[in-house]
Amino acid sequence: MTNSQTTTTAAAHDDINTLVLDVLRHRVGKDERAAKPHDWFQAAVLALRDKVIDRWFESTRETYDKGGKRVYYLSMEFLIGRLLRDALSNMGLTREMEAALRAHGFDLAALEELEPDAALGNGGLGRLAACFMESLASLDIPAYGYGIRYVNGMFRQRIDDGWQVELPETWLAHGNPWEFDRRESAYRVGFGGEVVESDTGVTWHPAEQVEASAVDTPVVGWQGKRVNTLRLWTAWALDPLRLDAFNAGDHFGALADQVKADSLVRVLYPADSSPAGQELRLRQEYFFSSASIQDIVRRHVQYHGDIRTLPDKAAIQLNDTHPSVAVAELMRLLIDVHGLEFDEAWEVTKKTVGYTNHTLLPEALESWPLPLFERLLPRHMQIVYAINSRVLREARRAGMDGAQISAISLIDEGGERRVRMANLAFVGAHSVNGVAALHTDLMKVTVFSDLHKLYPTRINNKTNGVTPRRWLQQCNPGLTRVVREAIGDEFLNDAQKLTALNAFAGDSGFAERVAEVKRANKVALSNHIKQLMGVRLDPDALFDVQIKRIHEYKRQLLNLIETVALYDQIRSHPERDWVPRVKIFGGKAAPSYHNAKLIIKLANDIARRVNSDPSVGGLLKVVFVPNYNVSFAERIIPAADLSEQISTAGMEASGTGNMKFALNGALTIGTLDGANIEIKDHVGDENIIIFGLTADEVNERRANGYNPRAIIEGHRELQQAVNAIASGVFSHDDPDRYKGLIGGLYDHDWFMCCADFEAYSQAQRGVDARWMDQAGWRKSAIHNIANVGWFSSDRTIGEYAKDIWGV
Ligand SMILES: *Cc1c(COP(=O)(O)O)cnc(C)c1O
């Protein structure tokens, strides 16, 4: 370090130290001697936030001055996790903050643990939105993220006697030092009522209204280049207390409007098994879409005057189908409020909006019962009909037949009539993208095949990515240090520069240093798990990890059956040279998803049995970690040796967990699904373990009478494993617990666990053989780290910016 650098660092340290002390006194309101760790945490965040704000203003001013185009990312979920480490690191203030806190006897890493995870998402889709926000700021692209400020968000998972129990997440219980309440940025959002047509146009008179008000969180890009805004909406009653009712003695009824507004922003994904649950969900979607579109239109008119130039200044991206109603809302504002003709409004809308599809699962493509949609959003229903008539006329003109026209229609006429939100998003956008090459190809021939024929240039691919700041630099400082020592700092600015590491794959000294880091990460994870769950893990065992939402298509069950088969094998052949393995599972199941919850229980039942069986001699351990979330992922991924990406081919749109693991030097065992295919292309066939049916083969098998029963009966190890589970070997307290689950495998096995079992277990024994050759394993791990920089969300966002947004 040069002299001048030492001086600036010392100055920065003094500066931060003074700032933190000042904040502690004057804003947290604590004396230095009386302050508790949480007070110091609060002071650290607020001090850092002060630094961030200056950049924030600069970024905003610059965008206004340049009159630049902005990106608006609408998403029902933002799974941002903790922010302190991320913001410190991106602002380049980690060391200064560490020193300032150390001077007062506090450890930054320990204070970071006090920050609750902002659990405003489910899984991959929400985490993608968070990675995208970070990359937008890092690439200096002016952007707003728009979503809902859920007070409770995603549930917190507890495991009681092996079962998932859902508890409300209370991430806001101690306030949120990151956010700014913008009560002045508020919009009314209406529901119900009637539409009146007169000479002056159409007027919607909603029966109810709530006020959406903005709460802003700054999003800092790499090296503090730009700070963007994550704007989350919260809801207020127009009349928070009906004083007349209150004074008349109806003390609860007087608060009903506020309670109703409050319920809109309580939880992510209220169970939609009841009509009331469905209605709440549609209300949430419209609530945040409407507030966001009103905000975008207001800003445009204020700064640019003419609403017709909206597409030149704004790009609105819909993250999946949830915000599709934004298409109809934008049309409504353009026509009813700004007086555009339908045709002109339609052109402006299409040019402004882009739509990202995230799933081909028919049950996940939202549609609403038409009577519900019409009752809640009568004006939007009219607009949807008008759009539909236009689209269907285009289809007719293009020579499409009746079946094609009914597939394209925004209204599903089969049985109970429903409004198809994915079709609305498709026709209302100039770009419709999938999230990995295979997924995009499948979109064209499955859910959107007829829409694709009508609008053949609209579908395009943008393979997902993850931010290397959070998913390498911050979560794995040890590996980052070793990589810097080898290839310098360039990869921090451009993850694709990691390819320089390929030259070090054969360097045994480098491989040794990478392996030391991996081991240290495994020790740290083992200590954490010991403390959390009381299970002791051997850091020299192979850490085999499957962490993600629990879903049958992700096939945690296939992994568990193979685990049982391995358990049997180890006990039958204790003389063989088994590779010690730790199987780590984690993930939440949707509260109403019976089989997913049963799979969690099964993992825990197997863990209890295996971990206490002396005859496996510590060669196999199974753990199911509770409450998997972003912070847990940041601990587990750097410690993984093997990444399980074993979905039924054709069903995982992309996956992003797969990218994070490879970036941290885990080898993937996976199917040819989602982005696994592209990861294989980047890391090379010899550095990934691919097995199982392809998407085409899965379809073929399904079409030609797949017979899982015959497979089970013809495969001794598979039969033994599933029969052990079905007959209660792991559930003495309730021997029939898994009868239904395993019965489903015999009867239909929709997700093809049986068809892929043999290939999977062979692949796992291949993994054992590779592990025995530690030098070969380490080399493959380095090739993984070196070649997955392409899966940086900077690359993904660069493609969106160029091809879709024009920024
Ligand atoms: C990355 C991530 C996911 C997505 O994982 P997949 O394996 O792609 O399903 C889900 N949850 C969390 C907390 C993540 O960080």
Side-chain angles (χ1 to χ4, degrees), residues 75 77-83 85-86 116-135 153-157 169 171 268-269 319-320 358-359 361 364 435-436 438-439 463-472 474-476 544-556 558-559 584-590 596 599 625-640 642-648 651-664 666 668-671 673-679 788 791-793 796:
S75 179
E77 305 182 23
F78 286 93
L79 192 53
I80 50 183
R82 290 175 175 151
L83 298 181
R85 192 192 305 175
D86 184 54
D117 255 56
L120 310 181
N122 243 308
L125 174 147
R127 185 53 233 174
L128 184 79
C131 284
F132 278 10
M133 287 305 296
E134 200 266 2
S135 277
M154 184 66 195
F155 66 85
R156 188 157 56 81
Q157 180 193 58
E169 179 61 73
W171 70 294
L268 171 66
Y269 299 133
N319 191 27
D320 213 2
H358 283 271
T359 178
L361 298 179
V435 290
L438 173 68
H439 169 232
T463 299
N464 281 169
V466 299
T467 166
R469 269 75 62 185
R470 184 173 292 255
W471 296 110
L472 175 58
Q474 295 157 27
C475 75
N476 203 341
D544 168 342
V545 184
Q546 189 171 20
I547 44 173
K548 47 182 77 241
R549 289 295 298 226
I550 310 296
H551 201 292
E552 285 164 287
Y553 85 79
K554 290 178 181 276
R555 297 202 294 193
Q556 283 92 355
L558 174 60
N559 190 347
I584 299 175
F585 293 88
K588 295 175 182 173
I599 288 167
V625 299
N627 202 40
Y628 173 57
N629 59 12
V630 173
S631 297
F632 220 145
E634 289 171 286
R635 276 182 199 279
I636 297 174
I637 290 168
L642 188 66
S643 156
E644 297 268 357
Q645 308 300 339
I646 60 175
S647 51
T648 314
M651 306 206 73
E652 185 76 89
S654 162
T656 49
N658 46 7
M659 302 166 188
K660 302 169 197 166
F661 279 101
L663 189 59
N664 284 275
T668 303
I669 181 167
T671 47
D673 199 15
N676 296 352
I677 298 172
E678 290 154 84
I679 291 177
V788 294
F791 297 92
S792 161
S793 43
T796 313

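For ligands, and for the atoms within them, numbers begin at 1 and follow the listed sequence.
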Dump all N/O pairs between ligand 1 and the protein below 3.5 Å as a table: atom names plus distance, one pair per row.
from     : atom 1 : to     : atom 2 : distance (Å)
ligand 1 : 7 (O)  : Lys548 : NZ     : 2.7
ligand 1 : 8 (O)  : Thr656 : N      : 2.8
ligand 1 : 8 (O)  : Gly657 : N      : 3.0
ligand 1 : 9 (O)  : Lys554 : NZ     : 2.7
ligand 1 : 15 (O) : Lys660 : NZ     : 2.6

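- Residues Phe791 and Val466 form no side-chain contact, since every pair of their non-hydrogen atoms from C-beta on lies 4.5 Å or further apart.
- Residues Glu77 and Asp320 are not in side-chain contact: their nearest non-hydrogen atoms beyond the backbone lie 4.5 Å or more apart.
- Side-chain contact, Ser647 with Asp673: a donor N or O sits under 3.5 Å from an acceptor N or O.
- Residues Tyr628 and Ile550 have side chains not in contact (no heavy-atom distance under 4.5 Å, counting atoms from C-beta outward).
- Of the N and O atoms on the side chains of Gln645 and Asn676, not one donor lies less than 3.5 Å from an acceptor on the other residue.
- Under the rule for a ring-ring contact (aromatic ring centres under 6.0 Å, His included), the partners of His551 that lie at least two apart in sequence or sit in another chain are Tyr553, Tyr593.
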